[in-house]
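Structure first, then comments.
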2 protein chains.
Amino acid sequence: MNFKGKRQPVTIPRAAKTLRRTRIQEEKEEQILEAALDVFSASGFRGSTIDQIAEVAGMSKPNLLYYFRTKEAMHRALIDRVLYTWLEPLRAFDAEGNPEEEIRSYIRRKLEMARDFPRESRLFANEVLQGAPHIEDELKGPLKELVDEKAEVIRAWAKSGKIVKCDPYHLIFSIWSTTQHYADFDVQVRAVLGQEHAGEGRFEDAARFLEQLFIGGLRPDRSET
Amino acid sequence: MNFKGKRQPVTIPRAAKTLRRTRIQEEKEEQILEAALDVFSASGFRGSTIDQIAEVAGMSKPNLLYYFRTKEAMHRALIDRVLYTWLEPLRAFDAEGNPEEEIRSYIRRKLEMARDFPRESRLFANEVLQGAPHIEDELKGPLKELVDEKAEVIRAWAKSGKIVKCDPYHLIFSIWSTTQHYADFDVQVRAVLGQEHAGEGRFEDAARFLEQLFIGGLRPDRSET
DNA sequence: TGTAATGTTTACCAATCGGTCAAATATCCG
DNA sequence: CGGATATTTGACCGATTGGTAAACATTACA
């Protein structure tokens with residue numbers, strides 16, 4: 001909390017007035033966040049050090065701190081950036097579409113994210129797992145609102161008999177958990193599958209299984225009491 | 001790697017010869033592991049400090065280190081102790097039983113563990129999430145062997161038409177992920193459900209949903225190509 | 001081209017990290 | 001009781017932590 005005359009660094013002049021960000025700023029901040037994603041996603045916030053990030057980013061620690069004044073600021077910037085894309089698949093969930101096809105493509109999209117952006121998934125997993133000390137507001141705010149909205153869609157589907165009657169929240173949880181499992185618990189998945197089946201094909205296998213499970217499990221055949 | 005004449009502390013004389021462990025040793029080691037579980041499960045290995053554990057355990061840091069010579073030793077002892085009970089539900093999986101009932105009760109047991117032993121679940125989640133640097137051998141050894149064995153059982157069920165044809169490994173993964181989600185991502189679950197539905201009843205709701213999903217999804221009705 | 005603003009680095013700081021040591025204290029047992 | 005053993009503690013260590021100060025280098029731009 002001191003700003004004793006030090007030249008104010010430009011760190012994240014988010015929506016600042018006329019302050020343009022230079023080319024170097026864009027590049028370096030990108031470079032830093034890329035490295036920070038590597039480190040934070042692998043060790044969590046407390047377990048990561050600025051030195052590690054600096055080394056991965058290929059720059060000196062004070063140079064890092066010129067762009068992001070604290071470790072927290074780096075983490076915060078990363079979370080903010082990642083949260084939006086992380087929620088995209090759920091946002092694409094369409095009330096007008098065919099339920100079976102919507103769920104199928106939601107699963108597929110989430111699985112593709114687990115395959116293509118595992119670090120982003122692990123970043124959140126680490127954060128939530130450790131009590132979400134930095135993103136509690138995001139969870140109770142934007143996330144909850146979006147889920148509430150989509151849950152209402154699912155509830156409507158169930159009510160009109162398009163899918164089996166079920167708790168929409170736990171349905172969403174189960175899709176999250178099953179798909180993200182392949183990013184977050186990757187080493188365990190690989191270890192259990194063994195070398196033979198741990199190739200990239202595991203995502204195909206997972207997709208096949210999960211679609212079968214969810215489509216079969218939600219089909220409004222003979223609904224339970 | 002120094003043992004310059006220091007009186008060897010008794011730390012974990014696992015299966016040591018005639019060396020009885022005193023009452024105090026039992027108590028203190030228990031007390032330490034309890035505190036270590038608290039801290040490690042909340043912050044991961046790298047993010048936890050011996051001082052934190054000492055404070056939670058209500059003893060001085062050197063006293064802690066009298067019973068466990070290093071932070072790693074503490075973590076290792078904790079992992080070893082927890083791994084066994086963590087695998088119990090899967091071990092109970094019975095090849096002779098009724099498939100539907102076996103899967104149902106496996107889900108229920110795993111869900112009970114998520115409810116009653118969330119710290120144990122998070123300890124593993126943290127470890128695996130961060131690349132399982134301390135338990136790789138356990139994953140590729142005992143864990144894989146047990147899963148291989150149970151996967152064969154499931155495969156047999158599928159072959160004989162008792163359940164739908166599906167990949168047994170991904171079935172097991174999906175049960176792990178959906179159930180452990182309620183321990184590992186507890187804060188997120190609570191945040192999304194909101195105060196109204198985040199009570200203990202959420203485990204009942206989850207059990208209902210998951211049983212419906214898995215039983216429905218695996219029922220050998222009209223199997224896919 | 002000059003100069004003001006921006007970017008980078010070296011040297012450093014106090015706090016905390018995992019862990020050690022010797023001395024002090026508590027417990028056990030004959 | 002008394003001595004041997006087991007337990008506990010405060011003081012301390014070098015390494016690492018997040019972060020700073022200020023000198024130095026580069027860039028953008030008039």
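Heavy atoms only: backbone and side chains are in, while hydrogens, waters and symmetry mates are out. Below, chains carry the letters A, B, ... as their sequence lines are ordered, and counting in each starts from 1. From a predicted model like this one, the values you see are computed outputs, not experimental measurements.
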Where the side chain of [X] is defined as all heavy atoms beyond and including C-beta, which of [options] is the nearest nucleotide?
X: A/Ser60; options: C/dT9, D/dT8, C/dG19; answer: C/dT9
X: B/Tyr67; options: C/dG7, D/dT8, D/dG10; answer: D/dT8
X: B/Asp51; options: C/dG7, D/dT9, C/dC17; answer: C/dC17

Next item on the list: Measure from NZ or CZ of B/Arg91 to the centre of the six-membered ring of B/Tyr84, then state whether that distance is under 6.0 Å and the direction lies within 45° of the axis.
Entry: yes
Note to self: Please classify the nucleic acid contact of B/Lys61 as base, sugar-phosphate, or nothing, using heavy-atom distances under 4.0 Å.
What the structure shows: base
Next item on the list: Would you indicate what A/Thr49 reaches in the nucleic acid, counting non-hydrogen atoms under 4.0 angstrom: base, sugar-phosphate, or nothing?
Entry: sugar-phosphate
Check: Is there a donor and acceptor pair, one atom on the side chain of A/Lys71 and one on the base of D/dG19, closer than 3.5 Å?
Finding: no
Checklist line | Expected output: side-chain A/Glu102 to main-chain A/Phe93 donor-acceptor under 3.5 Å | finding: no
Whole-Å distance separating the [atom1] atom of [X] from the [atom2] atom of [N]:
X: B/Glu26; N: C/dT27; atom1: CD; atom2: C1'; result: 16 Å
X: B/Phe45; N: C/dC17; atom1: CZ; atom2: C1'; result: 12 Å
X: A/Ile50; N: D/dA15; atom1: CD1; atom2: C1'; result: 17 Å
X: A/Glu27; N: D/dT27; atom1: CD; atom2: P; result: 11 Å
X: B/Glu29; N: D/dT7; atom1: CD; atom2: P; result: 9 Å
X: A/Lys28; N: D/dA25; atom1: NZ; atom2: P; result: 17 Å

Margin query: Do the side chains of A/Glu200 and A/Arg202 get close enough for a salt bridge, i.e. N-O under 4.0 angstrom?
Written below: yes
Check: Any salt bridge between B/Glu152 and B/Arg155, counting N to O under 4.0 Å?
Finding: yes
Item checked: Along DNA chain C (nearest heavy atom to each residue), the more 5'-positioned of B/Pro62 and A/Arg46 -> A/Arg46
